[in-house]
Structures are given as structure tokens and as C-alpha cells.
Student: 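Pasting in a structure now, in C-alpha cells, and then I'll have a few things to ask.
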2 protein chains.
Amino acid sequence: MTRTSPHTAGSASRGQPRATMKDVAALAKVGLSTVSRVVNGDNRVSDAKTAAVLQAIRELGFRRNDSARQLRVGATQSIGLVIENVIDPFFSHLTHAVENYSLERNTLLLSASSTRDPERTRRLVLEFCARRVDGLIVTPADTEETGYLQAEMDAGTPMVFVDRPPRGIEADTVLTGDRSGAARGVAHLIRHGHRRIACVTDRGQLHTAAQRLAGYRDALDAAAIRYDPELVYSATPSVENFRTPVARMLALDNPPTAVFTGNNRSTVAILRVMAGWDTRPALVGFDDFELADALHPGVTVVAQHPAEMGRAAAEQLFRRIGGDTGPPRHTILGTTLIPRGSGEIPPSRK
Amino acid sequence: MTRTSPHTAGSASRGQPRATMKDVAALAKVGLSTVSRVVNGDNRVSDAKTAAVLQAIRELGFRRNDSARQLRVGATQSIGLVIENVIDPFFSHLTHAVENYSLERNTLLLSASSTRDPERTRRLVLEFCARRVDGLIVTPADTEETGYLQAEMDAGTPMVFVDRPPRGIEADTVLTGDRSGAARGVAHLIRHGHRRIACVTDRGQLHTAAQRLAGYRDALDAAAIRYDPELVYSATPSVENFRTPVARMLALDNPPTAVFTGNNRSTVAILRVMAGWDTRPALVGFDDFELADALHPGVTVVAQHPAEMGRAAAEQLFRRIGGDTGPPRHTILGTTLIPRGSGEIPPSRK
DNA sequence: ATGAAAGCGCTAACAT
DNA sequence: ATGTTAGCGCTTTCAT
């Protein structure tokens, strides 16, 4: 029933500064180190003093300033996570896994979206390092200068790279088996009779997009299907960017009977482009997404495992933070083909 | 071409501790404060010394320890964000908006998902406060004890609550107009001829679920439709939880011809439950979601504006951090009804 | 068992 | 213009 009124004269918030250990020590009439001992659960302190300290702590609403503590002990118990964008479900799942893993280790997460902006990425990484995070998990922007990453690693901040490798840097990575996964997806279409297969991916500079395109070609090669550049289109995924090129492809004399999309953003965009079409090409998308199974037909995908990737990255990072100085470790996570209908549509014979 | 080998003896990472200003001062043969001045862009320092310091900084790979700085200046330039779960698109959009807003203010984001666990929520809030975040944006777990929140606010950490108000605490809130929004959605169904309308929501303890259920009743009342508890079901949204109750409802003698769902998780679950059904009731969902427009029929929703909520919460928090001690401010964001087909299905007349 | 004192890396008077 | 010093809040020897 201690309903303090938070907006009366002087206001409870913005009140006097928070109590410090010194204040507690003074009130409890003990030495500073005794307070520290009590706060840290050091048992060699008399019951009487312990009680006095506890009482003072309660009275003053004391809560230890962990920033100060961390300055002294030299570890911030926090790690930084720089992803492309939280609103992309791939990254939000990855983030959640990292969150859970680090929380178990009493480590907090500084997280941020780079939004594919190399300047923003750089700024974030550098600010995290300035805050002396214990380590960093980074999805590098594909177009960026990576010199500063090497510098910060050399300076002592462990980093593991996730989803994409950093340019020209030897470091721990956690990636999806992009190339083989894409090949599997395309082979699935081929197995269902397709020989004219379009490939729609994210911008070619994107490492994952390039890898998946390579996988697409691998599958074609394996089936002795000629690679036709007219069936390939790469751009930042959006309905606007994809509408015309895709329509053009399908208006070719010898149009594709199936399409393979290189990531969930692309798949979703393509689905929108094709919304309302009477006949649709078969479709296999790379990366799963919510409601893929609720569409008609369900969307066949090559599923990635973002949560596992986040967890693997966190594991490796904590290994480094723990002092592991072994050689860079490269983890590749496999993919799972999930047939749901769209990938099993036979080629329309005309 | 300075490819340092990161895994040779001694290893570049985990090397000697990072250089400090003292080290820089020593190497540049200047005083500590001169280094500080240079680092902070204080211009009243000679060109010669400036150059010497800059040189030393480069040589040592010095980067200011912001934690130490912050301890001294008394502000961490970071805020905490406790949401329910990043993997919920509602919250990831909210998060992204907060991210952007605080980045503009040179403030970093400590973020975490409470996963509806009151203990985890409490732990996160307290740890954030111990780190002395400049402020906190919190989606309170609905079942939780809120005493500690009041205590931390009183101790000087400003907080704004988003999506749900904290129990028994007067503080800044940013909420959706849940009740009126739900009423609008249900009225839309009524306008399309429905009089038997089911309501499927999240657990009743959830503030938003309760409000939206109230809005549902408001709409029925306004249309003089009797409230039938048989048409209402509340539980943590999942296909398993919803399948049987919903099937039972639709098997009633006088079954519902439409259903209103209380949040995006519920809508998605219901869509899965109904997947493959030949005839489907009309559907209006609260909160928009990706691909709502790509389904057949498109799903009519009462859209919330999570990004705007995040931004509004961040704005208010920074106002408080800036020293605003005015009375608690309650912001309600309106909703947008988006007809896409599912909500315009007429009642099946039999 | 307890306290005094040094110091983590920085900033901000205060001298000069 | 530059250096010296105190101190942010804590932990951690080191005495006692």
C-alpha cells in the first residue's frame, strides 16, 4: 500500500541520485567492503552486520551499479548483435535464439539492425566495441569495408559472423549451406519434370544470393539443362522490383514452368506478384516463412534453421569469450526441403 | 595487406588489454587531459600535440572505453526494451522503430523478450536497471507483480509501458485503441449481415485480449445482438488449443457465420485450423500480418500500428530522460480497418 | 571478521 | 595551451 504518488511536487522519478555502496555503508555504520561482501554473498561477515547492511539497503532502495562493477572487473557481461533487420523473420528467430543463449550465461544483449547500410553497420560495431561488449555476433553488410572489423578483433573483441562471411577476414562463421540447399530445391523441381526454371534472387552482391544462384546452376548442370540468363533476375526483393521482370520472363516464347526464389523476402514478393494469376508456375523458395503452408497451394521451401544458427553463433562466441584461441571455426547448417504443393506442380504442357 | 594471422601463437584476439588514454598520453608524451581533449574534439590544443596524440592513438589502436566515460558522466546512453517476443512481428516492428529512434539520439538498445514469463520479465527489468539504462520501455507480463517496477521508477529510472499498462501503476503508456478497434472490426461483420459471430482471443488475463473482447461485446450491444458465451473462446493461441473448441462452435445448432480473432497469433492459428475447409465463416482479425493479402480470400483485419507505437514510446521516454516531470501521459493509437475479402463474406444462408 | 586504500578508464575542475 | 588531481561506484588486495 505504499502507493507513492509519482507526480507530486518534486516527482519521484528524477529524484535524488541512486544510493551507492558508500551511502549504505554510512547508514549501516560499517565499512565499504563489508557492504560489498554482503552484496556479493561473501559469507565471512557477522550476522549482525549482515542484517544492518541488508536493512540499510532496503531503506535506501540500493541496487548495485553494474556498470561500475564491470569497469572494475573488466567484463561487461554483454554482447552485441548486429543483424540485417529485426523485422525479417529469419533474423528475429536468430535473435531470439541468441537472446536465450546469452541470458542463460547472465549476459545481456545489445542489438541493432544494420538495414544493409554499411555506414550504420560500421557505426554500430564500433559503438559496441567502445562499450567493450565481451563479444560480437555480426551479419556483415555485403558491400562494406571490413578493415575496422579486423582491427577490433585484433584489439581483443571476439566476433563471430553469421549468415554471411566478412570479406577478406578469417574468422568464425556460422552459415547456411546455401549452395547445396539451393541445388536441392532446384533439383526437386527438375525431378518434377521442369526444365525451364527461373531463378529470382536478392541483389547479386549479397553473398547468400550469389551462393544460392550458384546452387541453382549446379542443379541445372547436374541435369544437363542449359543455363539461360534470361531466366535469372536479381534485385532487392519487392513487388515493384519483381513485377515487370517476372512478367517478361513468363511471356517468353519458351517460358519457365517453375521458379526458384532465393530468400523469404523474394518468395513473398513473388507470391504477391503472382496473386490472382490463373495459372501459376511451380515454386520453390529458399527459407521458410509463416503461413507458407496456409497458402494455396502451400509453398514448398528449402528451410533454413535460423534459431539453430543463432544458437551456434552464440555458442562459438562464448567459447571465444571463454578464452578459446583455436583456429577459426566454420559451421555450416544444413537445410530441410519441405514439400507443400507449389513445388510439386507439374510443368504445364502445351 | 596487413593480414595478421589470427591463430598463431598468442593469438591476436585475447591479446594484451586494450590501450587506455594513459597509454596514449605516455606514448605521445603529453598529459592525460590533452588526450581527453583531442578525443573529445576540444579545439584548444596545439596542432603539434594534436598530431602526436592522433599518431599515438593510431599506433596503439586506441578506442575510448565508453563504459568508463559513462560511469564518470552519469548516463549510459542506452535504454532497455523488454517486449513479449521478438519473433512476433508485432513486436519486431515495434522494436525496429525504437531502434531507429534511439540510434538517432546516440543511444544503444539493450533488448530482450520476456516470453510472457513474469520471472524473466522481472529479472530483465532489474538487470537493465542495475546497468543504469537511461530509461526503459516495457511490455509488462500480464500476470506479474509490479511493485519492483514502481520501486525502480521511484529510484530514478524512467519507464514507459507499451501495448499493455502495468497493473496498479500510474505511468506513461502507449496503447492501441483495443476496445474501439475490436468493436469496429465486429461492427464490420455485422454490417455484412452477420449476427452469429464467434470471438477467439488470447488468454483472458491478457489486458489486450480482455479489452478486445469488451469491444466485441460493445459491437454486439450496439446492434442489439445477444451475447452468447458459447461463441467465445480464449486461450494461448495455437492450432492445438483452438482446433477442438472452434470445431465445436461451428457444429452448434445455430453456428456462427463469422469469427473475430483477437490478435495476429490467434488469426494465424485459426487460419491453420480452417485450412482445407470447404466452407469458411467470415473472418476479421485484430492486428495485421504478412501475407494477409495473399491468402484466399484475403484476410480482413483491424490493423494496429506497431512501428508508430514504438516510436511514440521512444519519444515519450526520451522526453522523460530529458527531464520532463509532467503527469503520466497516455497515448492511444487508433486502428485501421483493412477489408480484404474474408470479412465481407456474407452469412451462409441455410 | 572488518576496514582502509588503491585502482578500473575516464572527465572535469583547477592550476599553471 | 597543458598538466595535475580528484572522483564516478565498484572490487580487491592488504592489514588488522
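Letters go in sequence order (proteins before strands), and every chain restarts at 1.
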Student: Atom CZ of A:Arg131 to atom C1' of C:dC8: distance rounded to whole Å?
Tutor: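 The answer, rounded to whole Å, is 18 Å.
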Student: Is any side-chain N of the basic residue among B:Arg120 and A:Glu99 closer than 4.0 Å to the acidic one's carboxylate O?
Tutor: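 The answer is yes: the pair qualifies as a salt bridge.
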Student: Donor-acceptor pair, distance only, cut-off 3.5 Å: does the side chain of A:Arg64 make one with the backbone of A:Ser36?
Tutor: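 Between the backbone of A:Ser36 and the side chain of A:Arg64 there is no qualifying donor-acceptor contact (under 3.5 Å).
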Student: Quick one: list whatever passes side chain to side chain donor-acceptor pair (under 3.5 Å) with B:Arg131, sequence neighbours left out.
Tutor: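 So B:Arg131 forms no side chain to side chain donor-acceptor pair (under 3.5 Å) with any residue.
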Student: Would you mind reading off the distance between A:Leu71 atom CG and C:dA6 atom P, rounded to a whole angstrom?
Tutor: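 It works out to 18 Å between those atoms.
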Student: When rounded to the nearest 0.5 angstrom, what is the spacing between CD1 in B:Ile137 and CG in B:Leu94?
Tutor: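 Taking CD1 in B:Ile137 and CG in B:Leu94, the distance rounds to 7.5 Å.
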Student: Listing time: all N or O pairs from protein to nucleotides 10-12 of chain D that are below 3.5 Å?
Tutor:
| residue | atom | partner | partner atom | Å |
| --- | --- | --- | --- | --- |
| D:dC10 | OP1 | A:Asn65 | N | 2.9 |
| D:dC10 | OP2 | A:Met21 | N | 2.6 |
| D:dT11 | OP1 | A:Arg64 | NH1 | 2.9 |
| D:dT11 | OP1 | A:Arg69 | NE | 3.0 |
| D:dT11 | OP2 | A:Ser36 | OG | 3.1 |
| D:dT11 | O2 | A:Arg72 | NH1 | 2.4 |

Student: Can you check whether B:Ser46 has a side-chain N or O nearer than 4.0 Å to OP1 or OP2 of D:dA1?
Tutor: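 It does not, given that no N or O in the side chain of B:Ser46 lies less than 4.0 Å from OP1 or OP2 of D:dA1.
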Student: Atom CZ of A:Arg18 and atom P of D:dC8: how far apart are they, to the nearest Å?
Tutor: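 Taking CZ of A:Arg18 and P of D:dC8, I get 17 Å after rounding.
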Student: Check the distance between D:dT2's C1' and B:Asp42's CG and give it to me in whole angstrom.
Tutor: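 Atom-to-atom, B:Asp42 to D:dT2, this comes out as 11 Å.
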Student: Rounded to whole Å, please give me the gap between NZ in B:Lys49 and C1' in D:dG3.
Tutor: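 It works out to 9 Å between those atoms.
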Student: Within 45° of the six-membered ring axis of B:Phe62 and under 6.0 Å from that ring's centre, is NZ or CZ of B:Arg18 located there?
Tutor: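 The answer is no, since B:Arg18 fails at least one limit relative to B:Phe62.
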Student: Does the distance from a Lys or Arg side-chain N to an Asp or Glu carboxylate O, for A:Arg116 and A:Glu84, drop under 4.0 Å?
Tutor: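 Yes, this pair counts.
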Student: Over its full length, what angle do the end axes of the helix from C:dA1-D:dT16 to C:dT16-D:dA1 make, each axis taken from five pairs and the result rounded to 10 degrees?
Tutor: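 Answer rounded to 10°: the end axes differ by 50°.
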Student: Would you call B:Arg123-B:Glu127 a salt bridge at under 4.0 Å N-O?
Tutor: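 Result for this pair is yes, salt bridge flagged.
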Student: Could you tell me which non-hydrogen atom of A:Val38 sits nearest to which non-hydrogen atom of A:Leu54, and how far apart they are?
Tutor: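 Minimum heavy-atom contact is CG1-CD1, 3.5 Å.
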